[in-house]
Amino acid sequence: TSCLVEASHDISSSIRRSLVTHCSVSLEQQAASTEHYDYVCDTTIPWLHYNGRTWSPATPPSGTGCHSYVYLSGSSPKGCSVGSSCPQCASPEGSVVKVVALEGGSCDACSPEYA
């Protein structure tokens, strides 16, 4: 019976995860107060989330895999608005301070491809 219960739990967790299509995480709260960074980019779907003044939460869409939210020091990308697509975020300039990796649709921790 314990195998059945575990299998049932695994299946219901899997179904629950597949039904989650939208999530939101505050990237401001993901960074330690001692870390110095100037901007934050999603490098998976190039998007500017922080420009040194304004924040936009992480909302990785379902079915888009593991998103790398990269905290960088340096100049924020020119011509980009927070909460919008930003081509420069695909390969951002600057020094990587931290990477937070969130799975699209669920915002579960995942293994980033960006290093």
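Keep in mind it's a predicted model, so treat the numbers as computed, not measured.
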If a pair satisfies ring-ring contact (aromatic ring centres under 6.0 Å, His included) and one of its residues is in residues 73-96, list it, with sequence neighbours excluded. none
Hydrophobic clusters here meaning ILVMFWY residues chained together by side-chain heavy-atom distances under 4.5 Å, can you tell me if V97 and L27 are in one? yes
Listed partners of T64 passing side-chain hydrogen bond (donor to acceptor under 3.5 Å, both in side chains), at least two apart: H67
Qualifying residues under ring-ring contact (aromatic ring centres under 6.0 Å, His included), relative to Y71, sequence neighbours excluded: Y37
Compare all side-chain heavy atoms of P57 with those of S26 and state whether any distance is below 4.5 angstrom. no
Decide yes or no for K98 and V100: does some side-chain heavy atom of the first lie under 4.5 Å from some side-chain heavy atom of the second? yes
Mind listing the closest non-hydrogen atom pair of T44 and C66 along with its distance? OG1-O, 3.3 Å
Would you name the heavy atoms of Y39 and P92 that are closest together and state the gap between them? OH-CB, 3.7 Å
SG to SG, are C89 and C41 under 2.5 angstrom apart? yes
Determine whether S76 and L48 make a side-chain contact, defined as any pair of heavy atoms from C-beta on separated by less than 4.5 Å. yes
Any donor-acceptor N/O pair, D38 side chain to G74 backbone, under 3.5 Å: yes
Could you pull out the closest heavy-atom pair between H49 and V82, with the gap in Å? O-CG1, 3.7 Å
Side-chain contact test, heavy atoms from C-beta onward, threshold under 4.5 Å: evaluate it for P60 versus Y69 and give yes or no. yes
